[in-house]
Amino acid sequence: YSNNFGSTWTEIQSGQGKGEWRDSAFSSDGSKIFLAQGGFNSNAGLLYRNFTPARNPGESYWQEVMPANNDNTGTNWMFIKSSNDGKKVLAGAYQKRVFTSDDYGQTWTERKPAGNQNKNWATGAVSANGMTMLVGDSSGRLYRSLNGGVNWQETQAAGNYDMNWMSSDISSDGTKMVAATYNNGAIYYSADSGQTWTNISHYYFGSNFWNIVAINDDGSRIIAGVQNGQLYAFDYTGTTGYPGPFNLTTIEVFGPFNRL
């Protein structure tokens, strides 16, 4: 944990569970922290929350939170996301379900974006107010919710095909969405809350192994990373013809920046 823009770091112990740390989420003021832990077999993954002031995180303040209808047997949590105030939380697990919370992670509701079946929920995203949500199956489809996870709709960003959805993000107001696929991968962008989508990477790449993607608050810049470690920036121009609505820039990760 860092409270000085990454200059120094402090190890925080959230619990004794075994597994891999997969994702984290913060409220906009840093006072509420959520962690997702993956795990297989006996190494059960867990969800944690911390409501201490951001300047003083510590082991004694962490609380394990678990959806009541989750069996807690080797749950491989893949992502956890929250609204800006930390009140609405979204979490998804591998070969299990998607859950939402409307009370800072205290209680949870199982959601069924793909119906009553387990999926490989690999990615999720939440808008600033927590009402717009996006989840992706790493061997299936992409789904959106416009009412805080109550109702879901499949959004065919890549057409009527199963894809390896690996990463996604949403602008603050929920209107701009971005999602990345891995095998035969591409970056897909929506400016209407997931109703329609554009492949913004195909002008520059035939396909790529996209691992991560993020969008800034107003949706004007997208950062995406591929398996070989290269990062790219897509800056919005509004162009309707070639090369599409975004200009591409290669980011020199360790150029003007300091390695932490």
Side-chain angles (χ1 to χ4, degrees), residues 1-6 9-39 43-72 74-94 96-111 113 120-136 143 145 148-150 166-172 174 212-215 217:
Y1 172 85
S2 175
N3 60 3
N4 57 9
F5 307 101
W9 292 81
T10 301
E11 180 180 352
I12 53 178
Q13 300 293 329
S14 58
Q16 303 302 318
K18 298 178 180 179
E20 300 176 358
W21 297 114
R22 292 293 173 80
D23 201 10
S24 61
F26 293 77
S27 59
S28 58
D29 64 1
S31 65
K32 300 172 183 65
I33 308 172
F34 302 91
L35 296 177
Q37 184 186 61
N43 292 334
L46 300 169
L47 299 179
Y48 297 93
R49 67 174 186 171
N50 185 320
F51 283 5
T52 63
R55 64 182 179 275
N56 186 32
E59 180 176 1
S60 61
Y61 298 105
W62 287 93
Q63 178 186 16
E64 176 188 330
V65 292
M66 181 60 63
N69 50 346
N70 188 69
D71 61 15
N72 196 26
T75 303
N76 192 16
W77 293 104
M78 298 299 291
F79 66 83
I80 190 165
K81 306 296 180 184
S82 75
S83 56
N84 275 7
D85 60 5
K87 185 175 183 179
K88 293 185 179 295
V89 190
L90 171 70
Y94 183 84
K96 289 204 172 182
R97 303 300 176 100
V98 168
F99 298 86
T100 64
S101 173
D102 293 329
D103 55 7
Y104 306 96
Q106 180 66 31
T107 60
W108 296 80
T109 301
E110 179 184 328
R111 302 301 185 182
N120 300 328
W121 299 113
T123 181
V126 178
S127 62
N129 66 5
M131 295 306 295
T132 303
M133 296 180 173
L134 191 66
V135 294
Y143 304 85
S145 173
V150 177
M166 297 300 293
S167 185
S168 60
D169 203 5
I170 301 176
S171 62
S172 289
I212 190 168
V213 68
I215 194 168
D217 285 346

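As the structure is a prediction and not an experimental result, all values here were calculated from the model. When a residue number appears, it is its place in the shown sequence, counting from 1.
Rounding to the nearest 0.5 Å gives a distance of 10.0 Å between OG of Ser101 and NZ of Lys87. Of the inter-residue distances, the one linking Leu134 atom CG with Leu90 atom CG reads 9.0 Å to the nearest 0.5 angstrom. Lys32 contributes atom NZ, which lies 5.0 Å from atom OG of Ser27 (distance to the nearest 0.5 angstrom). Expressed to the nearest 0.5 Å, how far CG of Asp103 lies from OG1 of Thr109 amounts to 8.5 Å. A distance of 9.0 Å separates CG of Asn129 from CG of Asp85, quoted to the nearest 0.5 Å. To the nearest 0.5 Å, atom CE of residue Met78 and atom NZ of residue Lys96 are 13.5 Å apart.
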Item to check | Candidate pair Ile33 and Tyr48, rule side chain to side chain contact (heavy atoms under 4.5 Å, CB included), full reasoning | outcome: CA-CA 8 Å; Ile33 308 172; Tyr48 297 93; over 6 Å; no
(Q) Run Asp23 and Gln37 through side chain to side chain contact (heavy atoms under 4.5 Å, CB included) and show every step you take. (A) CA-CA 7 Å; Asp23 201 10; Gln37 184 186 61; over 6 Å; no
### Task
Kindly indicate, with the supporting measurements, whether the criterion side chain to side chain contact (heavy atoms under 4.5 Å, CB included) is fulfilled by Phe34 and Val65.
CA-CA 10 Å; Phe34 302 91; Val65 292; 5.9 Å; no
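Looking at Tyr143, Phe99, Trp77 one by one, the single match for ring pair (Phe, Tyr, Trp, His ring centres under 6.0 Å) with Trp121 turns out to be Tyr143.
Taking each heavy atom of Gly149 and Ser145 in turn, the nearest pair found is N-OG, 2.8 Å. Residues Ser83 and Ala128 share a closest heavy-atom pair of CB-O, 3.4 Å. Closest of all the heavy-atom pairs between Met133 and Val126 is CG-CG2, 4.2 Å. Minimum interatomic distance between Thr132 and Ile170 (heavy atoms only, all atoms of both residues): O-CD1, 3.7 Å. Smallest separation of non-hydrogen atoms from Lys81 and Ala25: CA-CB, 3.9 Å.
The backbone N or O of Glu110 sits nowhere less than 3.5 Å from a side-chain atom of Arg97 that would complete a donor-acceptor pair. A donor-acceptor pair is defined here as one N or O able to donate and one able to accept, closer than 3.5 Å; no such pair exists between the side chain of Ser82 and the backbone of Gly86. In this structure, Ser167 contributes its side chain and Val213 its backbone to a donor-acceptor pair below 3.5 Å. Counting only distance, with no hydrogens or angles, the side chain of Thr123 and the backbone of Ser168 share a donor-acceptor pair below 3.5 Å. At least one donor-acceptor pair closer than 3.5 Å links the side chain of Ser28 to the backbone N or O of Asn84. Under the 3.5 Å distance criterion, the side-chain polar atoms of Asp169 are matched with a main-chain donor or acceptor of Ile215. Checked by atom type and distance alone, the side chain of Arg49 pairs as donor or acceptor with a backbone atom of Tyr104 at under 3.5 Å.
Every residue meeting the side chain to side chain contact (heavy atoms under 4.5 Å, CB included) condition with Ala122, not counting sequence neighbours, appears here in chain and number order: Ser138. A search for side chain to side chain contact (heavy atoms under 4.5 Å, CB included) contacts involving Ser24 returns Phe26, Leu35, not counting sequence neighbours.
A heavy-atom distance below 4.5 Å is not found between the side chains of Ile80 and Arg22.
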